Amino acid sequence: MEKKRILLIDDNADILFTTKYLLENNGFDVRTAESVEIGLKIALSFIPEVIIIDIMMPDIDGYEGCQLI
């Protein structure tokens, strides 16, 4: 069975690392991005089924990121 794809977008590297670790250990295919801009590029090629995005980001916040996606 194909793993479900998740994209994590957060500017905190520790949160990305920990969340990715937990999700991968539960059978998910996870990609991470430290900015909305990078996340958009990954989303276009990876086509995630779920995107988890931090609301408080330095340049483009999570609300704007959701609208762009």
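Only a predicted model underlies this, so the values are computations on that prediction, with no experimental measurement involved.
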Give the cluster check for Val30 versus Tyr21: same hydrophobic cluster or not, with ILVMFWY residues linked at side-chain heavy-atom distances below 4.5 Å. no

How many angstroms lie between atom OG of Ser35 and atom CG of Asp11, to the nearest 0.5 angstrom? 9.5 Å

Could you pull out the closest heavy-atom pair between Glu49 and Lys4, with the gap in Å? OE1-CA, 3.1 Å

Which atom of Leu16 lies closest to which atom of Asp10, heavy atoms considered: CD1-O, 3.3 Å

One should read off an interatomic distance between Ile9 CD1 and Ile60 CD1, to the nearest 0.5 angstrom, of 10.0 Å

Contact summary for Ala13 and Glu34, nearest pair of heavy atoms: CB-OE2, 3.8 Å

Less than 4.5 Å apart, any side-chain heavy atom of Ile51 and any of Ile69? yes

So, taking the atom named CG in Leu23 and the one named CD1 in Ile52, what distance separates them when rounded to the nearest 0.5 Å? 5.5 Å

Once you round to the nearest 0.5 Å, how far does CG of Leu40 lie from CG of Leu68? 5.5 Å

Inter- and intrachain pairs under salt bridge (charged side-chain N to carboxylate O under 4.0 Å, His left out), touching residues 15-32, at least two apart: Lys20-Glu24, Asp29-Arg31

Show the nearest heavy-atom pair for residues Ile53 and Gly65, with the distance to one decimal. CD1-CA, 4.2 Å

Any side-chain to backbone donor/acceptor pair from Arg5 onto Phe46? Under 3.5 Å, distance only. yes

Hey, could you give me the OH/CE distance between Tyr63 and Met57, rounded to the nearest 0.5 Å? 13.5 Å

Distance (rounded to the nearest 0.5 Å) between Leu8 CG and Thr18 OG1: 10.5 Å

Between Leu7 and Ala43 the two heavy atoms that sit nearest each other are CD2-CB, 3.9 Å

Please list all pairs passing the salt bridge (charged side-chain N to carboxylate O under 4.0 Å, His left out) test where one or both residues lie in residues 57-69, with sequence neighbours left out. none

